[in-house]
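Since the structure comes first, as structure tokens, the remarks are kept for the end.
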Amino acid sequence: MRYLSLSRWLARPVDAASLGAFRLLFGALMVWEVGRYFHYDFIGRYYVEPRFHFTYEFFPFVAPLPGQGMYWLFGAMGLFALGLALGFYTRWSALLFFLSYTYVFLLDKTPYNNHYYLISLLSFLLIWVDAQRWLSLDRWRKRISSSQTIPFWQLFILRAQFFIVYFYGGLAKLNRDWLMGEPVRLWLAERTHYPLLGSFFDTETAVYFFSYGGLLFDLAIGFLLLWRPTRLLAFGGLLFFHLMNNWLFSIGIFPFLALAATILFVEPEWPRGILSRLSRSNFRGVRHAHMPNGAARGRAGSSNLDLLRPQSFYQPIPASPLTQPARLNLWTLSFIGLYLALQLLIPLRHWLYPGEVSWAEEGHRFAWHMKLRDKEARLELKVIDPRTGQIWNANLAEDLTADQIEKMGIRPDMILQYTHYLREKLIQTGLDNPIIIANAWASLNGRPFQQLIDPRVNLAQVQPDLFAPSPWILPLTTELPRPVQPVLPGLTLIILALANLGLALTIYLIVSPKTVTTQAHVISSDEGARNPQGATVKSKALGISPSGRNDMPEQLPKTNLLVRLNRFNHSDEVTPSIALSPAQVIELAKVMANLLPYLGILLALASWAMTGQPVYLGVALLAALLAAVWGFIWAVHFDSAASLVWLSPFVGILAGLFSLMLLIVSVPV
């Protein structure tokens, strides 16, 4: 039954307008991105000038096109993106753009960026969805059915993709460096010359505002977008966050791509309504001019002109009555499950390796670790002739560009990859079994420089293993410089406020007298004498049927303690008896279970503040998790429709998150 419910939920038809709008915006942004590559000559810089390319492990055969081939390829890619934007042979445009863009992406690790990976994933998904069903040339050319609806799974999978990007980006920020304000402190120090906000960037307040603000934004924005009451707040946060990032860091197309993706989270018919309001007045005169005296327009969709007229894009989709809800076939459901499972698991693979992922870089790619570290490197590759003992430094500039050398210095896997290329090159010159060692030093987030690679290891003989840690990468041992102003006091105040809010909110939901309302009245004894049905009326006032069964009226709120206790009171008395029945004792136990976690948070934090022992923060974290679980059970079981009830588990989650932050920054490394 659960499988059938999920299948029907994903298969239910929704308006195709929001998906069609995203297709148009995505294609337009990709045309702009291709134009940027031509304008700044990134094509020659990344794919034509280098003599050696750092290919990905499973794709060593990928190589750039010769001559001017890469420029022609990017020109074709721009046409594919334009076709996608216009909805012209939409699936073919999406397929060709995906193949060409992914081919370019796989050519070299040097320009790797998380949003390049995201673009490849999005173009792949657009192959399989019906993004051409609204506002496309394919509709005008009658290459698709007249339906302007899509199954909901097509929106769901794109929403899930962006949710994962944001949420995993937030999880990655739950590390000691970020919570201590690095590398944000370094980045802001380089921007103190900015107008208006430059002086603010030089303060610790700015450091923690951007560090913790970015963390909370990434963790919460997906939920805020999915919940309709908070969606407007989420849109405002997205505008501020992405435009600020674009101003501070110049991170390319990602801020605009993320803003375009918000169209996926609105109601599916929302773009159609916007177009209706914008177009109705402009085309009213044209419509009447072409149809004098109310002339019949003929069958809907009978001509290409009808499909091109604006009203065909903004008229609401009539709901079609379905006697039996549609269900997804097994192949579609398997595709959704497999794709999302990979997207959830691949970013977690760095936990298979010991040490700091930002230092060793093992599992760093494809994990949505976005703008998370600042790294500097100094690298020399020393070649030793085993026959003569002669030592010399390899000329890196002979094979690599400045960009490649800079990125290779901080990424051990690229150092090893180039070392193997250099070994083969030396063997071809007549040097058998050369010894190649790395004199590599790096600094992570402002730490003092330390050696990144063991200088005693002959990298020419090391074989890469994707599924095992690399012992030749030295662990991070240098300490992060302590900030001038501590962050702990501020976080302590925040979590104390959250705990008190959760406690007060829980008590309000339980015992607030404002929710005690009844529709029946209690009659007096005189009235009962005159009314032979008085006993029945009196019983209804208490929620009791004449047979003694508990028939609590549905109009009574379920969150009030007094009302909940009355559900188990079978007496004819208006005032419940002082002696509690076993059922009432269970009810009181549930109430206390909801209150105690917040009391535990307060006591644990007070103990930590007095003793400084991190174990009390662990107790606070556990209590916060219990508060969230009990709050969720409370909301689901008693009044899931009331928004206020859901604040209790939300406060518990926030209290747990802040407890975890305190624990991370308090435990010495």
Side-chain angles (χ1 to χ4, degrees), residues 21-56 62-88 93-124 126 165 187 190-191 193-195 238-239 241-263 370-371 397 400-408:
F22 174 72
R23 183 215 74 237
L24 188 152
L25 294 173
F26 177 80
L29 286 172
M30 293 306 102
V31 173
W32 178 37
E33 178 75 345
V34 171
R36 287 179 64 247
Y37 268 71
F38 276 102
H39 178 72
Y40 296 106
D41 196 23
F42 290 153
I43 306 171
R45 176 177 171 181
Y46 292 136
Y47 308 111
V48 177
E49 296 175 9
R51 299 179 57 184
F52 172 79
H53 292 275
F54 293 94
T55 56
Y56 289 84
V62 179
L65 298 176
Q68 298 294 308
M70 293 304 300
Y71 290 94
W72 286 105
L73 176 67
F74 270 85
M77 192 191 305
L79 292 177
F80 301 149
L82 181 62
L84 188 58
L86 298 176
F88 182 72
S93 296
L95 174 63
L96 293 173
F97 180 82
F98 165 73
L99 292 176
S100 56
Y101 190 91
T102 305
Y103 161 74
V104 172
F105 174 78
L106 295 174
L107 282 175
D108 202 323
K109 297 176 184 176
T110 303
Y112 171 84
N113 207 314
N114 284 282
H115 66 259
Y116 297 158
Y117 173 50
L118 177 62
I119 290 172
S120 183
L121 293 176
L122 293 175
S123 59
F124 171 75
L126 286 173
V165 171
W187 296 335
E190 297 171 353
R191 292 162 174 80
H193 62 282
Y194 278 29
L238 282 163
L239 276 173
F241 181 82
H242 288 299
L243 294 181
M244 179 65 72
N245 274 343
N246 182 69
W247 179 55
L248 288 177
F249 304 118
S250 301
I251 52 179
I253 201 173
F254 177 70
F256 306 101
L257 176 61
L259 290 174
T262 58
I263 201 74
M370 300 174 287
K371 294 298 292 181
L400 306 174
T401 64
D403 291 323
Q404 290 179 310
I405 295 174
E406 179 183 0
K407 291 296 178 69
M408 181 179 70

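Side chains included, hydrogens not; waters and symmetry mates left out as well; all remaining heavy atoms used.
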Where [X] and [Y] come nearest, the two heavy atoms and their spacing:
X      : Y      : result
Asn246 : Gly252 : OD1-O, 4.0 Å
Lys371 : Ile251 : CD-CG2, 4.1 Å
Met77  : Ser100 : CG-OG, 3.5 Å
Leu84  : Ala94  : CD1-CB, 3.9 Å
Leu106 : Tyr56  : O-CD1, 3.6 Å
Ala85  : Ala28  : CB-N, 3.6 Å

Under a 3.5 Å distance rule, please check whether [X] uses its side chain to pair with a backbone N or O of [Y] as donor and acceptor.
X      : Y      : value
Thr102 : Leu99  : no
Arg51  : Leu400 : no
Ser120 : Tyr117 : no
Gln404 : Asp108 : no
Tyr103 : Ala63  : yes
Arg191 : Leu248 : yes
Lys109 : Phe54  : no

[X] side, atom [atom1]; [Y] side, atom [atom2] - distance, nearest 0.5 Å:
X      : Y      : atom1 : atom2 : value
Ile43  : Leu73  : CD1   : CG    : 8.5 Å
Leu29  : Ile253 : CG    : CD1   : 4.5 Å
Phe74  : Glu33  : CZ    : CD    : 8.5 Å
Leu122 : His115 : CG    : NE2   : 12.0 Å
His53  : Thr110 : NE2   : OG1   : 9.0 Å
Leu126 : Phe22  : CG    : CZ    : 6.0 Å

Test item: [X] and [Y] side chains (from C-beta on) under 4.5 Å apart, heavy atoms:
X      : Y      : value
Trp247 : Leu243 : no
Leu107 : Met70  : yes
Pro255 : Phe249 : no

Fit a plane to each ring of [X] and [Y], take the angle between them on a 0 to 90° scale, and name the class: parallel (under 30°), tilted (30 to 60°) or perpendicular (over 60°).
X     : Y      : value
Phe42 : Tyr37  : perpendicular
Phe26 : Phe97  : perpendicular
Phe98 : Phe124 : tilted

Exercise for the section: Give a yes-or-no answer on whether the side chains of Asp403 and Thr401 include a donor-acceptor pair shorter than 3.5 Å. Expected result: no
Practice task
Compute whether any side-chain donor of one residue and acceptor of the other, for Asp41 and Tyr71, lie under 3.5 angstrom apart.
Solution key: yes
Exercise for the section: Could you walk me through whether Tyr101 and Phe80 pass the side chain to side chain contact (heavy atoms under 4.5 Å, CB included) test, one step at a time? Expected result: CA-CA 10 Å; Tyr101 190 91; Phe80 301 149; over 6 Å; no
Practice task
Take Leu118 and Phe254 through the side chain to side chain contact (heavy atoms under 4.5 Å, CB included) test and state the conclusion after the steps.
Solution key: CA-CA 9 Å; Leu118 177 62; Phe254 177 70; 3.9 Å; yes
Practice task
Count the heavy atoms of every other residue, nucleotide or ligand shown that sit under 6.0 Å from CH2 of Trp32, and state whether that count exceeds 12.
Solution key: yes
